[in-house]
Amino acid sequence: MGIIRNLSAYLTRIRPNLFRNHHKLIMARRLHASRTVGVDKNVWVEFTQLAADYKAVNLGQGFPDFSPPQFVQDAFCKAVSGGPQMHQYTRAFGHPRLVKSLAKFFSRIVGREIDPLEDILVTVGAYQALFCAFQALIDVGDEVIIVEPFFDCYQPMVLMAGGTAVYVPLRPKEGSTVLSSGDWVLSAEELASKITPRTKAIVINTPNNPLGKVYKVEELQMIADLCIKHDLLCFSDEVYEWLTYDGAKHVKIASLPGMWERTITVGSAGKTFSATGWKVGWAISSGHLIKHMKIIHQNSVYHCATAAQEAVSHGFDREYELFGTPESYFQQLPAMLHQKRQKLASCLRSAGLQPIMPEGGYFMITDISSVKVDLNDENTENETYDFRFVKWLIKEKGLATIPVSAFFSPEHRKEFDKYIRFCFVKENSTLEAAEEILRKWSQKE
Ligand code: PMP
Ligand code: GLN
């Protein structure tokens with residue numbers, strides 16, 4: 001009996017290794033394609049798992065921990081029970097009802113007639129709209145200028161397309177106390193100096209993740225002038241377009257003269273209707289650009305879930321009717337988030353941390369250079385300061401945030417490794433749990 005028990009315990013121990021190493025037994029050749037090299041690390045994969053492992057209060061990954069508004073939930077339920085068609089393939093480039101709703105809604109915003117069939121591509125979240133843009137429009141050897149801090153997927157997407165990423169950081173204004181994301185500015189000279197004959201596109205994100213900067217029209221005009229002068233494309237990631245505070249106004253660079261023809265505007269129903277798991281996004285642009293993106297889309301995912309598209313379409317139709325009124329979700333969501341933003345800011349201040357107030361989006365960053373902690377975890381020794389700090393915060397204090405250097409290029413990472421990002425699109429109870437952790441911690445110091 002003892003021998004059998006020992007043998008079975010031994011097998012249980014070695015089984016995972018047998019499976020893990022199985023490929024080594026059957027294949028000797030290199031398995032991975034070159035495009036997977038150098039893009040293996042992913043901050044969401046790493047920190048979302050760590051937050052779950054330590055059951056931390058999660059102000060890390062950006063998703064609401066509350067439900068989407070009732071009207072889109074109802075629309076989704078109605079779609080799901082709306083007959084066989086709702087469960088089958090729909091048009092590859094966007095469910096007909098949704099592209100019509102998007103075209104109607106955004107024609108009014110951009111101030112031009114958007115063609116539902118030519119100028120819109122519905123994608124699996126904003127991620128896939130970005131992926132299609134890079135794959136369809138960036139070639140081997142092309143340079144792509146990315147303004148930092150940037151949403152982290154732009155860099156691997158440029159690399160996977162065979163392009164070269166070139167970085168220009170937004171920097172805190174010199175000499176002044178930096179209290180707002182608006183105090184981080186882009187130098188026109190520095191941006192212009194990065195343009196070469198190989199430059200194909202400039203990537204911007206407004207409102208910016210993680211900083212919360214909402215580009216002013218003059219800043220967008222400066223970028224637009226360079227795009228026009230050097231015949232460049234602009235990829236404008238505007239997933240947080242409805243989330244602005246304290247009078248900041250979101251402007252679409254595509255609406256500036258001469259920019260429609262060269263701008264891909266990316267949006268997300270996940271952010272728009274607080275339903276990140278639905279993974280419905282879109283790219284809007286002139287048909288002569290969208291047609292190339294359609295090729296990548298039709299040969300990769302083909303289309304995204306029909307019922308989710310139907311529900312998003314109902315959401316936009318409702319918003320079209322209520323636009324600018326207090327009943328509009330595009331008014332209600334920022335109003336609710338404004339409160340949460342204030343709550344998080346005062347909680348950080350009371351813990352001795354100075355928040356950089358975001359003008360938009362649902363993230364807030366803070367400088368941690370004055371916080372004294374003993375980061376003695378040997379496992380994280382070779383990592384940047386903010387990565388080590390956030391890991392310590394999760395493991396020792398049970399609070400998850402995101403290290404801001406993940407949004408910078410390797411060459412600028414060191415300059416910006418003393419900030420962490422908090423997400424405030426959370427229930428008040430979650431924000432209060434975070435507050436409690438910070439309060440206890442600051443009292444002990
Ligand atoms: N762009 C930015 C700036 C983001 O923060 C995110 C994360 N949601 C995305 C794109 C991807 O959006 P989606 O979830 O719709 O794919
Ligand atoms: N956009 C989200 C954020 O910034 C997360 C995206 C993801 O988890 N891949 O937190």
Side-chain angles (χ1 to χ4, degrees), residues 39 41-52 56 58-65 68 72 94 98 102 121-134 146-158 170 181 203-215 235-244 250 253 264-284 297 300-301 304-305 308-309 311-312 315 337 358-365 390 400-408 419-426 430:
V39 293
K41 290 229 157 28
N42 182 294
V43 69
W44 314 113
V45 173
E46 182 175 10
F47 283 90
T48 303
Q49 188 59 51
L50 199 62
N58 197 351
L59 302 192
Q61 195 184 24
F63 66 92
D65 63 355
V72 286
L98 177 56
L102 288 170
L121 176 65
V122 175
T123 53
V124 181
Y127 261 106
Q128 200 228 339
L130 290 160
F131 186 74
C132 288
F134 287 110
I146 302 179
V147 181
E148 301 171 282
F150 53 83
F151 184 54
D152 67 302
C153 74
Y154 309 157
Q155 179 201 34
M157 285 190 188
V158 171
L170 290 162
S181 60
V203 187
I204 60 168
N205 171 214
T206 180
N208 173 273
N209 176 8
L211 185 56
K213 180 183 174 69
V214 177
Y215 284 66
F235 297 172
S236 186
D237 180 343
E238 303 180 11
V239 299
Y240 302 103
E241 61 190 314
W242 305 111
L243 307 179
T244 58
H250 172 72
I253 194 166
I264 310 284
T265 305
V266 171
S268 164
K271 308 295 167 178
T272 303
F273 292 116
S274 305
T276 58
W278 292 11
K279 292 302 294 185
V280 176
W282 52 85
I284 301 182
H297 181 77
S300 49
V301 301
C304 80
Q309 293 193 62
V312 172
L337 288 177
E359 303 155 281
Y362 45 52
F363 306 108
M364 185 179 291
I365 72 171
V390 170
T401 62
I402 295 291
V404 167
S405 69
F407 303 86
F408 280 89
Y419 295 98
I420 60 172
R421 187 196 82 170
F422 293 81
C423 173
F424 56 87
V425 68
K426 302 291 175 189
T430 312

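In listed order, ligands and their atoms are each counted from 1.
- At a heavy-atom cutoff of 4.0 Å, ligand 1 is contacted by the side chain of F151 but not by its backbone.
- The aromatic ring centroids of Y154 and F235 lie 6.0 Å or more from each other.
- For the 3.5 Å distance criterion, the side chains of Y362 and N209 fail to qualify, holding no donor opposite an acceptor.
- Nearest protein heavy-atom neighbour of atom 2 (C) of ligand 1: D237 OD2, 3.3 Å.
- Among the atoms of G62, some N or O lies under 3.5 angstrom from an N or O of ligand 2.
- Residue-level proximity to ligand 1 for K271 is carried by the side chain, the only part with a heavy atom below 4.0 angstrom.
- For atom 12 (O) of ligand 1, the closest non-hydrogen atom of the protein is A126 CB, 3.4 Å.
- Nearest to atom 5 (O) of ligand 1 among the protein's heavy atoms is Y240 OH, 2.6 Å.
- With distances taken over non-hydrogen atoms, the option nearest atom 6 (C) of ligand 2 out of Y240, Y127, F407, F363 is Y127.
- Shown in contact with R421 at under 4.0 Å from a heavy atom are these atoms of ligand 2, numbered in order with element: 3 (C), 4 (O), 10 (O).
- The only member of T206, N205, V147, L170 that meets side chain to side chain contact (heavy atoms under 4.5 Å, CB included) when paired with K213 is L170.
- The protein heavy-atom contact nearest to atom 14 (O) of ligand 1 is K279 NZ, 3.5 Å.
- Contacts between F151 and ligand 2, counted as non-hydrogen atom pairs separated by less than 4.0 Å, involve the side chain only.
- Only side-chain heavy atoms of N209 come within less than 4.0 Å of ligand 2; its backbone N, CA, C and O stay farther off.
- Residue contacts with ligand 1 include V239, since one of its heavy atoms falls under 4.0 Å from the ligand.
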